[in-house]
Amino acid sequence: MRFQIVALASLLALAAAAPVQILKPRATTGVACPPFALQDYSAFQISDGVAGNAAAQANVTFVEPFNGCDLSTAAETAETAQFDPDIAAASGAAATALQNGKIKNKVLKLTAEIQGLLIEAAQGKNEASSIAGEQTKLNNNIKLDTAAAGQASKGVV
């Protein structure tokens, strides 16, 4: 559980730093998703107060605000609409740098997808096979990124 909170906090910090649209429609409701903002622990801690309702309080902080949000949409759109055409149009070192950037984008996207699946699993959905499949893809892309260590990497924004 500690890892999941740290991983989610890390994901939120990455998302806060990314130049993506902060508010986007929820896939299921059409309501805007909340903005990602890096916060001090004191702003979201639930330890104060009365014991006995920690699960509900944690859900209010880390699950409910993002219910229905597809955290990986921006990264997927960048991959298909921006990286792929730019890579096709480039050559040599420029193409390699863009390919490395695309792989890093995939790591970001898959990390977001896994966190979303973990949230759904925490709510009682059986997401074990989906998590395993996405984790395999993530591990593959991390290996590709590690193999390219030290090479230039370029984003599309």
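Numbering starts at 1 and runs along the sequence shown. Heavy-atom basis, side chains included; hydrogens, waters and symmetry copies ignored.
Of the residues listed (I142, N105, N140, L138), the one engaging L110 in a side chain to side chain contact (heavy atoms under 4.5 Å, CB included) is L138, and it is the only one.
Considering all non-hydrogen atoms of both residues, A90 and L98 come closest at CB-CD1, 3.9 Å.
Residues L144 and I114 do not share a hydrophobic cluster, clusters being chains of Ile/Leu/Val/Met/Phe/Trp/Tyr side chains in contact below 4.5 Å.
Contact check on D84 versus K102 returns a salt bridge, with a Lys/Arg side-chain nitrogen under 4.0 Å from an Asp/Glu carboxylate oxygen.
The NZ atom of K106 sits 9.5 Å away from atom NZ of K137, with the distance rounded to the nearest 0.5 Å. Between atom CD of residue E134 and atom OG1 of residue T111 there is a gap of 10.5 Å, rounded to the nearest 0.5 Å.
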Inset, instruction - Give the C-alpha distance, both sets of side-chain angles, the deciding distance and a yes or no for side chain to side chain donor-acceptor pair (under 3.5 Å) between N139 and Q135. - result: CA-CA 6 Å; N139 291 344; Q135 187 66 52; 2.9 Å; yes
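A heavy-atom distance below 4.5 Å is found between the side chains of Q99 and I103.
Here side-chain hydrogen bond (donor to acceptor under 3.5 Å, both in side chains) pairs that include residues 141-156, with residues two or more places apart or in two chains, are N100-Q151.
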